[in-house]
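Before any comments, here is the structure.
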Amino acid sequence: MRKVLLFAAIGLLTIVLVVSDHVFPPPSDADRETRTAVVSLGDSTMSGEGAGAYEPGTDGEDGGNWCHRSRAAEIMKTSFEADQKINLACSGANSEKLRNEQLPRLRELAGSNQVVAIVVAVGANDDPRFSEILNKCFEAWGKRSDCTSSVAPEWTKRVRRMIPKVENTLKAIRQTMRDSGYLDSSYQLVVQSYAAPVSPKMPQSLQNLSGCPLRTADLEWVVEEAVPELSNGLRAAAGKVNARFLDLSRAGEGHEACVGGDEPETEWFTRLSVDWDGLKDQKRSSHALQESFHPNARGHEQIGRCLTEFLASDKRDGACVPRLDGSLGLTTES
């Protein structure tokens, strides 16, 4: 009789192991620690590039990384019911780097904490290479020519090539969470687009090395075509994985770099920023302009306020736009 029961138990165990996706089931919500967390993933616009106050080890110290994760980044300025706000984003990251370098850390966090929201900003460093285009426009200013004629015809193709890469990355985020025992409905996945950091409305006196060395025609293209098209591409990628989408394409209106003229404290983006000490150091010189044309601490605070409103809403899509009182607020589209 004992042998019969033993064989029956072995048979039952075999069936369980065969039909289960895991030899041992993933930890349930009750098994995890009670700490909740909201996590940010992505590139410089999410890491806090331009906001200063960078976490030790992310500012190139002693051969360290240049992720520029800031304690003033938008995720840190977001008011959300979570015990922890964890920034995994890294300046310069593209979709592949996010998957290879940030998702393993997300997996660890998801196993030991209750992740309630993930906010992602990625894509600009894939085929669009937005920072590279701004550099080309900077170079064109020096040559007294425009950059739009050379980059605009390729922009749509670049954005189209980006969409499946971002989609695959978002699918990898979903799978990472599923592997950690989460349902898609048990946390928020928010895809965030990019704000235009510059505007043709800046004073001509600052369209030079003292502020924003970019030509008016190029500034118009960035605001009217490049940034909106990039946002639409990211919206399409978000829709493929049933993620929420927060449009920042108009978030900087009236507060872009240099538009404040003699009142730079009204701007939410950095002007041309040069690390002069870094230029003297061979190891740091290639990063001396890295902070230029990114949201500053004021910008991250404003975006964080809008993100707070979006996370608290139940709308699928939303957009951050300046209010009449000068702050950034949420408008929902659906």
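Note that these values count all heavy atoms, side chains included, but never hydrogens, waters or copies made by symmetry.
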Notebook entry, point to check: Among the clusters formed by ILVMFWY side chains lying less than 4.5 Å apart, do Met162 and Val222 turn up in the same one?
Noted result: yes

**Message:** Strictly below 4.0 Å, N to O, side chains only: are Glu132 and Lys136 in salt-bridge contact?
**Reply:** yes

Notebook entry, point to check: So, does Gln188 use its side chain to make a donor-acceptor pair with the main chain of Leu311 at under 3.5 Å?
Noted result: yes

Go through Trp66 and Thr58 one step at a time and tell me if the side-chain contact (heavy atoms from CB on, under 4.5 Å) criterion holds. CA-CA 5 Å; Trp66 288 90; Thr58 69; over 6 Å; no

As a quick check of understanding, evaluate side-chain hydrogen bond (donor to acceptor under 3.5 Å, both in side chains) for His294 and Thr270, giving each step before the final call.
CA-CA 6 Å; His294 285 86; Thr270 58; 5.2 Å; no

Note to self: So for atom CZ, which belongs to Arg71, do other residues, nucleotides or ligands contribute more than 12 heavy atoms lying within a distance under 6.0 Å?
What the structure shows: yes

* Ion pair present between Arg305 and Glu309, side-chain N to carboxylate O less than 4.0 angstrom? -> no

Between the CZ atom in Arg250 and the OG atom in Ser193, the distance rounded to the nearest 0.5 Å is 12.0 Å

Notebook entry, point to check: Think Arg244 forms a cation-pi with Phe310, using NZ or CZ under 6.0 Å from the six-ring centre and within 45 degrees of its axis?
Noted result: yes

Using a 3.5 Å distance criterion without hydrogens, assess whether the side chain of Ser186 forms a donor-acceptor pair with backbone atoms of Tyr182. no

| request: Spell out, as yes or no, whether a donor-acceptor pair under 3.5 Å connects the side chain of Ser47 to the backbone of His68. | output: yes

* Asked: According to a 4.5 Å side-chain heavy-atom criterion applied to Ile, Leu, Val, Met, Phe, Trp and Tyr, with indirect links allowed, do Val223 and Leu134 form part of one hydrophobic cluster?
  -> no

Original post:
Step by step, would you call Asn232 with Val159 a side-chain contact (heavy atoms from CB on, under 4.5 Å)?
Top reply: CA-CA 9 Å; Asn232 288 335; Val159 172; over 6 Å; no

All heavy atoms of His300 vs all of Ala72, minimum pair found to be CB-O, 3.3 Å

Quick note, salt bridge (charged side-chain N to carboxylate O under 4.0 Å, His left out) partners involving residues 93-103, not counting sequence neighbours, are none

CD (Glu55) and OG (Ser70) are apart, to the nearest 0.5 Å, by 8.0 Å

To the nearest 0.5 Å, atom CZ of Arg323 lies from atom CG of Leu328 at 8.0 Å

Looking only at heavy atoms, the pair that brings Ala237 and Leu170 closest together is O-CD1, 3.7 Å

Contacts of Phe269 meeting ring-ring contact (aromatic ring centres under 6.0 Å, His included) (sequence neighbours excluded), chain-then-number -> none

query: Taking it one step at a time, do Thr36 and Glu81 satisfy side-chain contact (heavy atoms from CB on, under 4.5 Å)?
result: CA-CA 8 Å; Thr36 55; Glu81 292 185 7; over 6 Å; no

*asked:* Between Asp146 and Thr148, is the side-chain hydrogen bond (donor to acceptor under 3.5 Å, both in side chains) condition met? List the steps.
replied: CA-CA 6 Å; Asp146 68 83; Thr148 304; 4.6 Å; no

State plainly whether the residues Asp127 and Arg158 are in salt-bridge range, i.e. N to O under 4.0 Å.
no

Applying side-chain hydrogen bond (donor to acceptor under 3.5 Å, both in side chains), run through Asn113 and Gln84 and close with a yes or a no.
-> CA-CA 9 Å; Asn113 301 270; Gln84 303 173 90; 2.8 Å; yes

TODO: Kindly say whether Leu206 contributes a backbone atom to a donor-acceptor pair with the side chain of Ser210 at under 3.5 angstrom?
DONE: no

- Item | Donor-acceptor side-chain pairing of Asp126 and Ser95 below 3.5 angstrom | yes

Report whether Phe245 and Met46 are members of the same hydrophobic cluster (ILVMFWY, side-chain heavy atoms less than 4.5 Å apart, transitive linking).
no

Before giving the answer on salt bridge (Lys or Arg N to Asp or Glu O under 4.0 Å), spell out for Arg271 and Glu267 the whole-Å C-alpha distance, their side-chain angles and the decisive distance to 0.1 Å. CA-CA 9 Å; Arg271 300 181 179 187; Glu267 298 166 6; 2.6 Å; yes

Residues pairing under salt bridge (charged side-chain N to carboxylate O under 4.0 Å, His left out) where one sits in residues 190-218, two or more places apart or in two chains, turn out to be none

- Query: Would you say the side-chain atoms of Gln175 and Asp179 include a donor-acceptor pair closer than 3.5 Å?
  - Reply: yes

Residues at least two apart in sequence or cross-chain that pass ring-ring contact (aromatic ring centres under 6.0 Å, His included) with His255, listed by chain then number, are Trp268

Looking only at heavy atoms, the pair that brings Tyr187 and Ala117 closest together is CB-N, 4.4 Å

d(Cys67 SG, Glu49 CD) to nearest 0.5 Å is 10.0 Å

Rounding to 0.5 Å, atoms CG (Leu98) and CG (Leu88) come to a distance of 9.0 Å

Residues 206-241 vs ring-ring contact (aromatic ring centres under 6.0 Å, His included), sequence neighbours excluded, gives Trp155-Trp221

Would you give me the side-chain donor-acceptor pairs under 3.5 Å for residues 104-111, sequence neighbours excluded?
unit_1: Arg105; atom_1: NH1; unit_2: Glu108; atom_2: OE1; d: 3.0

Task: Lys/Arg-Asp/Glu bridge criterion (N-O < 4.0 Å) met for Lys77, Glu74 - done: no

Between Glu291 and Tyr54, does a side-chain hydrogen bond (donor to acceptor under 3.5 Å, both in side chains) hold up when you go through it step by step? CA-CA 12 Å; Glu291 293 184 314; Tyr54 301 122; 2.5 Å; yes

Rounding to 0.5 Å, atoms OG (Ser199) and CD (Glu220) come to a distance of 9.0 Å

Check your understanding: Do the side chains of Leu189 and Leu246 join up, straight or via other hydrophobic residues, at under 4.5 Å, putting them in one cluster?
Key -> no

Is there a side-chain contact between Asp184 and Asn242, using heavy atoms and a 4.5 Å cut-off? no

query: Is there a chain of hydrophobic side chains (I, L, V, M, F, W, Y, each step under 4.5 Å between heavy atoms) that links Val151 to Tyr194?
result: yes

For Asn125 and Ala93, the nearest pair of non-hydrogen atoms, with its separation, is ND2-O, 2.9 Å

Correct closest heavy-atom pair for Gly254 and Val259 would be O-CG2, 3.6 Å

Got Val321 and Glu253 here, is their nearest side-chain heavy-atom distance under 4.5 Å?
-> no

Tightest non-hydrogen contact, residues Ala82 and Val116, listed as CB-CG2, 4.2 Å

